[in-house]
Amino acid sequence: VNGPADRPRVLPNTLSVSIEGVKASELLAALGDKVAASAGAACHSGGATVSAVLRAIQLPSNLAVGTLRLSVGRHTTPEEIDQCADAIIEEAKRQLGQR
């Protein structure tokens, strides 16, 4: 999990997480419409390089390329969060050659 440890500075609806050994862009492409997420940081969506935000928090490049940004809204259900987590875990394991 990426971001400040200082709770008052954390966005309550947004999660930045890195999966070592997985390319976020490939993971998102494989997930298709199962998950609404993006790779990297909000200010850098769609870019092919590591975002300035991820560099600023000194995230190593091997983790930065595997960074997903996930957000929830007021109508997001716990079941949808569980389904999203399951889909991400399953695809990450597949990409890492695990089952």
Side-chain angles (χ1 to χ4, degrees):
V1 176
N2 306 313
D6 184 12
R7 301 250 335 134
R9 297 181 56 212
V10 174
L11 291 174
N13 70 326
T14 304
L15 172 68
S16 173
V17 62
S18 299
I19 305 170
E20 188 172 8
V22 170
K23 289 187 179 178
S25 58
E26 292 177 13
L27 186 137
L28 292 174
L31 290 172
D33 63 357
K34 292 180 189 174
V35 173
S38 60
C43 63
H44 198 70
S45 296
T49 60
V50 174
S51 78
V53 171
L54 297 179
R55 282 195 314 268
I57 64 169
Q58 299 178 342
L59 192 66
S61 59
N62 66 313
L63 293 176
V65 297
T67 299
L68 297 174
R69 191 180 75 254
L70 305 152
S71 298
V72 296
R74 98 174 106 174
H75 300 295
T76 305
T77 66
E79 292 79 18
E80 290 170 324
I81 293 169
D82 289 343
Q83 290 170 355
C84 173
D86 290 345
I88 290 169
I89 291 166
E90 182 178 328
E91 179 57 27
K93 284 182 176 182
R94 189 193 69 73
Q95 289 190 16
L96 293 169
Q98 303 171 4
R99 276 283 164 184

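Counting begins at 1 with the first residue of the sequence.
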*asked:* Are V1 and L68 linked, directly or through intermediate hydrophobic residues, by side-chain heavy-atom contacts shorter than 4.5 Å (ILVMFWY only)?
replied: yes

_Check this for me, if you would: do K93 and E90 make a salt bridge, where the nitrogen-to-carboxylate-oxygen distance has to be below 4.0 angstrom?_
no

*Please write out which residues are connected to I89 in a hydrophobic cluster, directly or through intermediates, given that two of Ile, Leu, Val, Met, Phe, Trp, Tyr count as joined at side-chain heavy-atom separations below 4.5 angstrom.*
none

_Any side-chain to backbone donor/acceptor pair from T76 onto G73? Under 3.5 Å, distance only._
yes

Tell me which donor-acceptor pairs under 3.5 Å the side chains of residues 17-30 have, and how far apart each pair is, sequence neighbours excluded?
| residue | atom | partner | partner atom | Å |
| --- | --- | --- | --- | --- |
| S18 | OG | N2 | ND2 | 2.9 |
| S18 | OG | L63 | O | 3.3 |
| S18 | OG | T67 | OG1 | 2.7 |
| E20 | OE2 | N62 | ND2 | 3.1 |

*If you group Ile, Leu, Val, Met, Phe, Trp and Tyr whenever their side-chain heavy atoms sit less than 4.5 Å apart, what else falls in with V72?*
I81

*Do you see a donor-acceptor pair shorter than 3.5 Å between the side chains of E79 and Q83?*
no

*Kindly give the heavy-atom pair with the smallest separation between E80 and H75, and that separation in Å.*
OE1-O, 3.8 Å

*Are S38 and R69 linked by a side-chain donor-acceptor pair shorter than 3.5 Å?*
yes

*Any side-chain heavy atom of C84 within less than 4.5 Å of one from L70?*
yes

_Membership question, hydrophobic clusters at under 4.5 Å side-chain separation (ILVMFWY): are V35 and L15 in the same one?_
yes

